Amino acid sequence: MEGIFVALAIPFKNNRLDTDSLITHVESLSKAGVDGFYPFGTTSQGLHLNINERREVLEILSKHTNKQVIVHVYSPYWDEVVETVRLAERYGAVAVASIPPIYYRPDYEALKLYYMKLMEITKLPIFIYNIPQNTGFNVTPEILSRLISDGVRIAGIKDSTGDLTQIMGHVRTGVTVFNGADSIIVPSLLVGARGCISAMANVMPEVMREMVSDVKAGRIRSAMEKQDLIARVRALIKDFPGVDGYYKLVHLLRYDFGTVKGPYMRPLTNEEVNKLREELIRLGLKVRA
């Protein structure tokens, strides 16, 4: 497991899964050369997808791509975690992943209990998804090392802190490290991350593929130019709520695409979309009419 995994945007129309857009998206990203998909995390609106929607997404992935899939399984309901794990196994996932338990911030023992229970229900490799800005709990390299020492079978971590020092600490533990912060993909690769699980891979997979190839070939200046472009496009949506900014970037730069599932998040307004279009044009990008 390495390279570019897409933190998959899962589009809805009228609060129903937009299967046509999703199929187009999965096939297009696969053709663009991504290495895998990561459904049901932040960009997927994973916490708001019911088990039937998760099943339908995994079925689409199994039929429309041959790329590796790491399935994020977290739910507030343990029976849904278990069922999502079973779906991941059924549809050929290479690993499962989960954020720590949220709302009731865990101490170390609660964290260990959760991942131990996850370990008991599957033989698939287990990844921790560390996004403390959303969960309120930071899985530091020290905590990761302690979990491993205590016998928790952790295969890897997706770290979305944007903290390069923390990425280096995770690398030292010996697990597979994926960077989840789009602004530091190149630096993360240079310090030992095996790849990225990226929201911006939904939007600019071709640029990202070329950027990673540049890193492998030692063309660091060229890679950093592409990294800068990715970061600048990402910065255009940083003040928008939820994840619909990514969905609108796909719509403006690639093809027709759905929006978020309500009512927990809202779509961007027409005014916001027009502003985003203008900013993309200022960056010299070709925007759909």
Side-chain angles (χ1 to χ4, degrees), residues 1-9 29 32-38 41-43 68 70 72 95 97 99 127-135 137-145 148 154-239 243 245-246 249 253 280 283-285:
M1 287 175 279
E2 63 179 9
I4 303 165
F5 277 69
V6 184
L8 184 61
L29 295 174
V34 303
D35 297 290
F37 292 90
Y38 185 92
T42 306
T43 312
Q68 293 184 322
I70 300 173
H72 188 265
I99 56 173
F127 279 69
I128 295 174
Y129 175 16
N130 186 42
I131 183 166
Q133 58 268 41
N134 285 32
T135 65
F137 187 93
N138 185 22
V139 181
T140 64
E142 293 74 23
I143 291 173
L144 178 59
S145 294
I148 295 168
I154 301 298
I157 188 165
K158 172 191 176 184
D159 190 283
S160 295
T161 60
D163 184 339
L164 193 61
T165 300
Q166 183 151 298
I167 293 285
M168 290 189 287
H170 291 318
V171 169
R172 286 195 297 272
T173 69
V175 303
T176 297
V177 178
F178 281 97
N179 168 64
D182 284 317
S183 60
I184 61 164
I185 295 171
V186 171
S188 295
L189 294 174
L190 293 174
V191 300
R194 294 285 295 277
C196 59
I197 298 175
S198 166
M200 282 298 295
N202 288 283
V203 182
M204 307 176 76
E206 296 87 357
V207 175
M208 200 162 286
R209 180 77 271 162
E210 292 172 5
M211 179 179 71
V212 172
S213 295
D214 282 345
V215 173
K216 290 180 177 179
R219 298 186 295 266
I220 305 305
R221 176 172 293 183
S222 178
M224 287 304 299
E225 289 173 355
K226 297 176 179 70
Q227 172 71 87
D228 180 61
L229 176 60
I230 289 166
R232 289 165 70 189
V233 175
R234 167 66 183 87
L236 298 180
I237 61 170
K238 65 182 178 61
D239 293 327
V243 296
Y246 291 108
L249 285 174
L253 295 175
L280 290 169
L283 286 178
L285 297 173

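Sequential numbering from 1 along the given sequence is applied to the chain's residues. Every value quoted in this text rests on a predicted model; they were computed, and no experiment measured them. The figures that follow rest on heavy atoms only: side chains count, while hydrogens, waters and symmetry mates do not.
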Identify the heavy atoms of [X] and [Y] that sit nearest to each other, and give their distance.
X	Y	answer
V175	I154	CG1-O, 3.7 Å
S145	T173	OG-CG2, 3.3 Å
Q227	P187	OE1-CD, 4.0 Å
L29	A201	CD2-O, 3.4 Å
D182	A199	OD2-N, 3.6 Å
I184	L164	CD1-N, 4.3 Å

Using side-chain heavy atoms (C-beta onward) and a distance below 4.5 Å, is I131 in contact with Q133?
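The answer is yes; the side chains approach within 4.5 Å.
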For residues M208 and C196, determine if any side-chain heavy atom of one lies less than 4.5 Å from a side-chain heavy atom of the other.
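Contact flag for M208/C196 side chains = yes.
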Quick one: list whatever passes side-chain contact (heavy atoms from CB on, under 4.5 Å) with N138, sequence neighbours left out.
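For N138, the residues satisfying side-chain contact (heavy atoms from CB on, under 4.5 Å) (neighbours in sequence not counted) are N130, P132, T140, T161, Q166.
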Set of residues satisfying salt bridge (Lys or Arg N to Asp or Glu O under 4.0 Å) with respect to R172, sequence neighbours excluded:
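Once residues adjacent in sequence are excluded, R172 has no partner under the salt bridge (Lys or Arg N to Asp or Glu O under 4.0 Å) criterion.
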Considering residues at least two apart in sequence or located in another chain, which fulfil the salt bridge (Lys or Arg N to Asp or Glu O under 4.0 Å) criterion with R194?
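Only E2 meet the salt bridge (Lys or Arg N to Asp or Glu O under 4.0 Å) criterion with R194.
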Rounded distance [0.5 Å steps], [atom1] in [X] versus [atom2] in [Y]:
X	Y	atom1	atom2	result
K238	L236	NZ	CG	9.5 Å
H170	T165	NE2	OG1	11.0 Å
N202	L8	CG	CG	6.0 Å
S183	I230	OG	CD1	10.5 Å
E210	M204	CD	CE	10.0 Å

R209/D35 salt bridge by N-O under 4.0 Å criterion:
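Salt bridge between D35 and R209, a charged N being under 4.0 Å from a carboxylate O: yes.
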Check whether the ring centres of F5 and F178 lie less than 6.0 Å apart, and answer yes or no.
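Yes, they do, as the ring centres are separated by less than 6.0 Å.
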Set out, in order, the CA-CA distance, both residues' side-chain angles and the distance that settles side chain to side chain contact (heavy atoms under 4.5 Å, CB included) for L280 and L249, then state yes or no.
CA-CA 9 Å; L280 290 169; L249 285 174; 3.9 Å; yes
Checking side chain to side chain contact (heavy atoms under 4.5 Å, CB included) for the pair L190/I220: CA distance, chi angles, key distance, verdict?
CA-CA 9 Å; L190 293 174; I220 305 305; 3.8 Å; yes
Would you please say whether a donor-acceptor pair under 3.5 Å links the side chains of Y129 and T42?
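Yes, T42 and Y129 have a side-chain donor paired with an acceptor closer than 3.5 Å.
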Give the C-alpha distance, both sets of side-chain angles, the deciding distance and a yes or no for side chain to side chain contact (heavy atoms under 4.5 Å, CB included) between M224 and S222.
CA-CA 5 Å; M224 287 304 299; S222 178; over 6 Å; no
Evaluation steps, side chain to side chain contact (heavy atoms under 4.5 Å, CB included), between M200 and I185
CA-CA 11 Å; M200 282 298 295; I185 295 171; over 6 Å; no
Taking H72 for the side chain and I99 for the main chain, is one N or O donor matched with an acceptor at less than 3.5 Å?
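Looks like yes, one N/O pair under 3.5 Å.
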